[in-house]
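Below is one structure, written out as structure tokens; comments come after it.
All values below come from the heavy atoms of this structure, side chains included, with hydrogens, waters and symmetry mates left out. Below, chain A is the first sequence line, B the second, and so on; all start at residue 1.
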Amino acid sequence: MNPFMKRSDIVKATGATMLGLVVVFPIYYAFSASFFTIGEFSTYPPTLFPSTLSLVNYIRALTESMLARFMVNSLVVSLVGSLLRMIVAILAAFAVAFLKFKGKQLLFFLVLGTMMLPGDALIIENYLTISRLGLVDSYLGIMSVYLLAPVQMFMLRQSFKTIPLTYRESAAIDGCSDFKFLTSIVLPMSRPIVLTLSLHSFVTIWNTYLWPLLVTNNPEMRTVQVGITMLGYADSLDYGPIFAAISLLLLPSIIIFLLMRKKIVEGIASGAIVG
Amino acid sequence: MEKRSARMKKTLSPYLYFVPALVLAYLFSYHPFFKTIANSLSLVNFSGKIIEFVGLENFQSLFTDRNFQTSLVNTFRFALFFIPIDLVFCLVCALLVYRKRRFNALNETLFIMPMAVAMSSAALVFKAIFNPTIGVVNHLFGISIQWFNDPAWAMFTIVFLGVWMAMGLDFLLLVGALRSVPKHIVEAAEIEGAGPVAKFFRIQLPLISPTILFIVSTRLRDSMLLSGPVMVMTSGGPYRSTQTLVYQMYIEGFTAGNYSKGSAISVVVFVLTFLLILLAFRFERKGVFYQ
């Protein structure tokens, strides 16, 4: 890389930084507004900088609303949901990659075929199924539709395929069962992709909105993405606690995002993470 | 006897690994899919039970329903604004930073930051900054657009939010594509005296066109499914000007309890997305060509 920048490079970099600041402005505004007083929301012209860095809004968001409860709900659903989702995907991917059985291709495509059916267009029937099963307002009901991840199954299969078949043959000679082979050889060897996909699953489930909105009637069972839109402070200008709640959600995800930045960029560059 | 059951176990056990995935695929994809098609061709009661087969009647009434026509038009109107704005904006950003120079890693990070934000949080923030009276957008640009009260403008708040949420991924795809354009071709053009405009339109654009087509087809499909931002920001208003297909489906199905109509809208969405997925697959292979 040339340490001396040409003039056109400086112009481009400056332009890019200015565009970049416009792009991150809503994030800045959320943090900034989380410190606003009620008065600062209604001043004209609108302010961009809080006058104080008081945590009042944060304290109000956590004590006056069910935000903490929403966060716990989201955490449980995302953690358990992504764990189950990975187990389902790993088992299926393992069978496709290592085991021989009749109809394997057909079953594989049957599972992959679900990619063609967008979940958001299936919500009416899925809701009826969940309510027939008595799972409305339950964690299992919220996570149910996310437990199958065909894209992840496919990516795991691709990764498992890179493990040489000789490993399996020698494991079999030593009397190692299929399941043991999966847990003690395949999984440890695939740790990076399993971790990346788990994190991706966690974020996906954490961020969903439509389905959790639908299957939760009881406010106590709402996930944070749904709950946050319904904090509804009586005074319409009392936005402070809402922005504090948004900031509380933003902070961890931005930190994780910055830490994972390289992985995410590489993942997309190699065509790995799509959808 | 024992031997036989052992062999049975051996032939059956591979299927066991597949059972959870298959059960889930049936329960939450295929079953609801076929049920939705059946519902769309029937009269369905309040608890979701089919009463009688009515053929294409639901679709007939659907396509003559003004409300549905509005949703259909709005959905495509969203796509019509969203996709070009998203593409042009991401292309400009990508062209500015694709060469590895100082500060460009930082700028790249700024462009992909929206990826860290969930839809509902982003929608709430956009709702606040586009607020006509106390929002900062009108103030900063010195305009006084009634974003959420004017049917002509409300859709744009959703378009901007859509672009903001999509740009991280699309920008990265375009940067990747621009970086994969062979250097010697670009340099040869520069030696031949091609200016930046000619270089872009004659060389880079044609070479990254598969990526662009991929983005267009996947975003078209996403547009057909638009609902969340509408729910959080506008509830379909004002005067249904932001009401989309999936939003109307949701309202028909859950607020009005009209499962037949809701299912018929679902089927329309299936058909639209299916056609667009086919388009996406068509370009997927060529989507990104890294060397």
Side-chain angles (χ1 to χ4, degrees), chain A residues 1 5 9 12-13 15-17 19-21 23-24 26-27 29-30 41-42 45-46 48 88 91-92 94-95 99 101 107 110-111 114 116-118 120-122 124-126 128-129 144-145 147-148 153 178 207 209-210 214 225 228-229 239 242 246 249-250 253-254 257 261 265 268-269 271, chain B residues 13-15 17-18 20-22 24-25 27-29 32-33 35-36 48 93 96-97 100-104 107 109-111 113-122 124-126 128-129 134-136 139 169 172-173 176 225 227-228 232 246 253 259 262-263 266 269-270 273-274 277 287-288:
Chain A
M1 225 181 287
M5 291 174 75
D9 286 337
K12 275 187 195 168
T17 307
L19 273 183
L21 291 177
V23 169
V24 296
I27 299 175
Y29 185 80
F41 279 106
S42 52
L48 291 178
V88 171
L91 288 176
F94 175 74
L99 307 179
F101 54 98
L107 295 181
L110 221 60
V111 174
T114 61
M116 308 288 276
L117 307 174
D120 282 356
L122 295 168
I124 293 181
E125 268 308 316
N126 277 338
L128 292 172
T129 305
S144 57
V145 299
L147 298 183
L148 182 65
M153 180 193 77
D178 287 340
N207 283 347
Y209 174 80
L210 191 60
L214 203 61
Q225 306 299 345
I228 203 173
T229 63
Y239 285 138
I242 297 179
I246 294 173
L249 287 186
L250 276 179
S253 50
I254 286 178
F257 182 77
R261 196 185 70 97
V265 172
I268 290 166
Chain B
S13 77
Y15 294 99
Y17 290 87
F18 235 88
L22 280 176
L24 288 167
L27 213 53
F28 297 115
S29 284
F33 175 64
K35 197 71 201 302
T36 301
C93 295
L96 286 173
V97 302
K100 299 216 184 260
R101 293 281 191 279
R102 238 194 263 182
F103 303 117
N104 278 353
N107 292 332
T109 310
L110 293 178
F111 292 144
M113 278 289 262
M115 289 173 87
V117 184
M119 185 282 293
S120 61
S121 303
L124 287 173
V125 177
F126 271 63
I129 62 178
I134 62 165
V136 292
H139 172 64
L169 182 65
L172 282 176
L173 290 172
L225 295 165
S227 66
V232 182
V246 175
Y259 292 124
S263 302
S266 296
V269 174
F270 282 134
T273 52
F274 183 73
I277 291 175
V288 189

Where do [X] and [Y] come nearest, in terms of heavy atoms and distance?
X	Y	result
Ala121(A)	Val269(B)	CB-CG1, 4.0 Å
Met116(A)	Phe274(B)	CE-CE1, 3.2 Å
Ile228(A)	Leu124(B)	O-CD1, 3.6 Å
Tyr29(A)	Ala128(B)	CE2-CB, 4.5 Å
Leu110(B)	Thr17(A)	CD1-O, 4.1 Å
Leu249(A)	Ser121(B)	CD1-OG, 3.9 Å

So for [X], is it side chain, backbone, both, or neither that comes closer than 4.5 Å to the heavy atoms of chain B?
X	result
Thr129(A)	side chain
Leu107(A)	both
Ile124(A)	both
Leu147(A)	both
Leu99(A)	side chain

Set of residues satisfying ring-ring contact (aromatic ring centres under 6.0 Å, His included) with respect to Tyr209(A), sequence neighbours excluded: none
Residues which pass ring-ring contact (aromatic ring centres under 6.0 Å, His included) with Phe94(A), listed by chain and number, not counting sequence neighbours: Phe98(A), Tyr17(B)
Counting heavy-atom pairs under 4.5 Å with chain B, which one of [options] comes out on top?
options	result
Leu214(A), Asp178(A), Ile254(A), Ile246(A)	Leu214(A)
Thr114(A), Val111(A), Asn207(A), Leu250(A)	Thr114(A)
Thr229(A), Leu122(A), Val88(A), Leu210(A)	Leu122(A)
Leu128(A), Leu117(A), Val145(A), Leu48(A)	Leu117(A)

Donor-acceptor under 3.5 Å (Ser253(A) side chain, Ala116(B) main chain): yes
Please classify the contact between [X] and chain A as side chain, backbone, both or neither, with a heavy-atom cut-off of under 4.5 Å.
X	result
Val246(B)	side chain
Ser227(B)	side chain
Phe33(B)	both

Phe101(A) atom CZ: more than 12 heavy-atom contacts under 6.0 Å: yes
Chain A contacts, top residue of Pro14(B), Ser266(B), Pro20(B) (heavy-atom pairs, under 4.5 Å):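 Heavy-atom pair counts peak at Pro14(B).
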Best-contacting candidate, Thr273(B), Leu96(B), Leu27(B), against chain A by heavy atom pairs under 4.5 angstrom: Leu96(B)
